[in-house]
Amino acid sequence: MTPETARAFTDFHAPVAAALAAGKPIVALESTIITHGMPFPKNVEMARTVEALISEGGAVPATIAVVGGRLKIGLSDTELEALAQTTGALKLSRADLAFAIAQRLSGGTTVAATMIAAHAAGIKVFATGGIGGVHQGAETSFDISADLDELARTPVVVVSAGAKAILDIGKTLEVLETRGVPVVAFGTDVMPAFWSRQSPHQAPLRLDDAASIAAFYNARQQLGIQGGMLVANPVPANVEIPADIMATHIAAAQQAALAQKIGGKNVTPFLLAKILELTGGESLKTNIALVENNARLAAKIAISLSEQNS
Ligand code: PSU
Ligand code: MN
């Protein structure tokens, strides 16, 4: 997809179009987290807060989604609210983004699809919660998220809280290394684990400020190295759920997924919903706080990138 050929079905929200024209910092946001990751109305509250944090941080937010076949680069508040309430919204990754456009359907874009759309629109920085990765048991299920391949090919900086502990974090790091994706832990030597600040794995790389992350991105571009980067930003300490507590809930959720024969793209949404239920809502609080934390850092990285490239 090139921006030129995509123009016929792409709608730029006015503040995003203005920021692109002026070379101002922009942060893309995904929408599967809205349509499949959190229940209404928490999902729209989260989406609004995250957009506000990016604006307060000095960048322009652009939530990406497909609405009735239109690829939206930035949503109005009304569109955001409508998407958050859409029942039957699709979960769109690289494989089905164009399907929803051609069939004039609506859906939330995953990390992979949001990266594709952000890059086509000229946006370099993207904030999310956690990326998809290699699922536990992938050696038999072959369940590996398309997010990992996208990170290997599309030059966007993805700010996450690491990979969710519902995944096999060790295998996820191995695939990222094989595919040449830098994983930069922010201010820590340890790979964070989404709801928890620490996983048992060392982080491949560490940087302590946004300007250094921007400089790293620029050096990769100057070298002509393809692909994106993953920033792993640990959840704030005051809202983290210790890894051992999460491990019990994750195991129970995985048992339920197996028993109910959940497969394919339903696995991640099922596990998230189950864990929400098992933690009595605690996991959702943590999830929201970590997305907010990532949005703040992403705004700083976007600002550093536009300063360094102006
Ligand atoms: N992390 C969350 N909530 C989510 C997801 C990640 O806290 O809803 C979504 C993201 O959109 C991610 C997707 O790209 O799950 C991965 O799904 P899969 O494993 O099917 O590729
Ligand atoms: Mn999968």
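Side-chain atoms are counted along with the backbone in the values below, which use heavy atoms only and exclude waters and symmetry mates. In each ligand, atom 1 is the first atom listed, and ligand 1 is the first ligand listed.
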message: Ignoring hydrogens and geometry beyond distance, is a side-chain donor-acceptor pair present between Q308 and N218 at under 3.5 Å?
response: yes

Step through the shown structure and confirm whether more than 12 heavy atoms of other residues, nucleotides or ligands are within 6.0 Å of [atom1] on [X].
X	atom1	value
Q226	CD	no
K265	NZ	yes
E45	CD	yes

- request: Tell me, please, which residues at least two apart from K164 pass side chain to side chain donor-acceptor pair (under 3.5 Å).
  value: none

task: Kindly tell me which protein residues have any non-hydrogen atom under 4.0 angstrom away from an atom of ligand 1, grouped by chain and ordered by number?
output: E30, T32, I33, G37, K91, T110, V111, G130, G132, H135, S145, D147, K164, F194, T268, L272, N287

- prompt: Do the side chain of S199 and the main chain of M191 share a donor and acceptor less than 3.5 angstrom apart?
  reply: yes

- prompt: Looking only at heavy atoms, which two atoms of E79 and S76 are closest? And how far apart?
  reply: OE1-N, 2.8 Å

task: Enumerate the protein N/O/S atoms at a distance below 2.8 Å from the Mn ion (ligand 2), ignoring waters.
output: D143 OD1

- prompt: For the side-chain contact (heavy atoms from CB on, under 4.5 Å) test, which of V158, I116, L230 pairs with V111?
  reply: V158

statement: For E240, the salt bridge (charged side-chain N to carboxylate O under 4.0 Å, His left out) test, sequence neighbours excluded, returns none

